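None of the values given here were measured: they were computed from a predicted structure. When a ligand or atom number is given, it counts from 1 through the structure's own listing order.
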Amino acid sequence: MREKILVIEDEESINTLLQFNLEQAGFEVITAMDGVTGLELAREEQPDLIVLDLMLPEMDGLDVCKNLRQSQLLIPILMLTAKDDEFDKVLGLELGADDYLTKPFSPREVVARVKAILRRSQYVTSQTPQPDDLESLKVGELKVYPDNYEAFFEGELLELTPKEFELLVYLIKNRGRVLSREQLLNAIWDYDFVGDTRIVDVHISHLREKIEQNTRKPIYIKTIRGLGYKLDGPQ
Ligand code: CA
């Protein structure tokens, strides 16, 4: 079955360009020109991925993002931002977007990024292993089932976005090892260049909010000053 992409973008030329190129790449594409319609379509159509512009009429991209995550819709979101929207970009990531592209971008970049995000989220969702075969990774009160796309903390299921989940799996698979921001960016976001590593910091802080008692004194995900991050258990 073809994967369904929802494009929420109010600039008609960009909307059309994205639709054309994503369809050429084999995706089914539905589009919205404003935030309210976009949010409705996301709920009704349950797309596999959303390409979301930040500046939108009716309801802006940040609110769309926030609404989706609050209603536990964990559909991957690729955010589109203007070049000088540094603040909005970080805020968008904080509100649960998985990745972003800065305008102007080439359609090829968008398609490549969409494919990369889908490849990764499918890798974790398409397998349906038997309960007995499930590999679990455990550190302290944290237990992750990579094949089942589930993570628990103190016995409670964690609500994680696809990128948060991948990051957690990667950290726990490399427990005790210091991982640089660039390493994490490469591993989780498929960036084959040195990109903006704040995307890593924002996702780390999200994970901390979900698994640390005190995010200022993290027990699990530690910051190694000048180097990066390391996942460790309680001592
Ligand atoms: Ca716009």
Side-chain angles (χ1 to χ4, degrees), residues 2-121 161-164 185 188-191 193 195-203 206:
R2 287 194 302 163
E3 289 143 316
K4 199 189 292 175
I5 313 288
L6 168 60
V7 174
I8 311 177
E9 162 68 77
D10 59 316
E11 265 169 79
E12 208 168 343
S13 58
I14 300 182
N15 195 312
T16 309
L17 188 75
L18 288 174
Q19 179 173 19
F20 176 78
N21 281 277
L22 287 165
E23 279 175 356
Q24 287 286 316
F27 296 109
E28 181 186 342
V29 182
I30 47 177
T31 67
M33 305 283 282
D34 67 82
V36 173
T37 313
L39 191 59
E40 271 172 26
L41 276 177
R43 293 215 171 100
E44 284 162 17
E45 301 275 333
Q46 302 272 322
D48 297 287
L49 184 143
I50 300 171
V51 179
L52 176 64
D53 186 34
L54 273 191
M55 299 290 280
L56 291 167
E58 307 294 334
M59 176 191 273
D60 71 16
L62 294 174
D63 281 333
V64 172
C65 210
K66 197 160 66 182
N67 261 283
L68 286 171
R69 293 313 186 220
Q70 275 169 355
S71 43
Q72 310 297 358
L73 279 174
L74 301 174
I75 304 163
I77 297 171
L78 172 61
M79 201 166 62
L80 305 177
T81 69
K83 203 168 188 164
D84 43 9
D85 274 350
E86 282 302 303
F87 176 75
D88 283 348
K89 186 168 77 186
V90 173
L91 196 58
L93 294 171
E94 279 171 359
L95 292 175
D98 294 274
D99 205 347
Y100 65 86
L101 268 179
T102 306
K103 291 179 181 177
F105 45 74
S106 75
R108 254 168 70 186
E109 266 180 290
V110 180
V111 172
R113 199 60 68 82
V114 163
K115 282 183 177 169
I117 298 172
L118 284 174
R119 195 165 57 233
R120 295 180 158 276
S121 52
T161 68
K163 285 295 172 202
E164 288 166 11
L185 197 60
I188 312 300
W189 282 270
D190 269 344
Y191 286 10
F193 58 92
D196 186 347
T197 55
R198 264 178 309 176
I199 192 170
V200 176
D201 298 329
V202 170
H203 280 76
H206 281 162

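- Exactly one residue among Asp10, Leu18, Asn15, Thr81 makes a side chain to side chain contact (heavy atoms under 4.5 Å, CB included) with Asp53. That residue is Asp10.
- Summarising the geometry of Asn67 relative to Met59, their closest heavy-atom pair is ND2-CE, 3.7 Å, with the distance given to 0.1 Å.
- Near the Ca ion (ligand 1), less than 3.0 Å away, sit the protein N, O or S atoms Asp10 OD1, Asp53 OD2, Met55 O.
- In this structure a side-chain-to-backbone donor-acceptor pair under 3.5 Å is missing from Glu11 to Ser13.
- Environment of CZ in Phe20: sparse, with no more than 12 heavy atoms of neighbouring residues, nucleotides or ligands closer than 6.0 Å.
- Pairing each heavy atom of Pro162 with each of Leu74, the nearest pair is CD-O, 3.2 Å.
- Minimum heavy-atom separation, Leu78 to Leu101: CD1-N, 4.1 Å.
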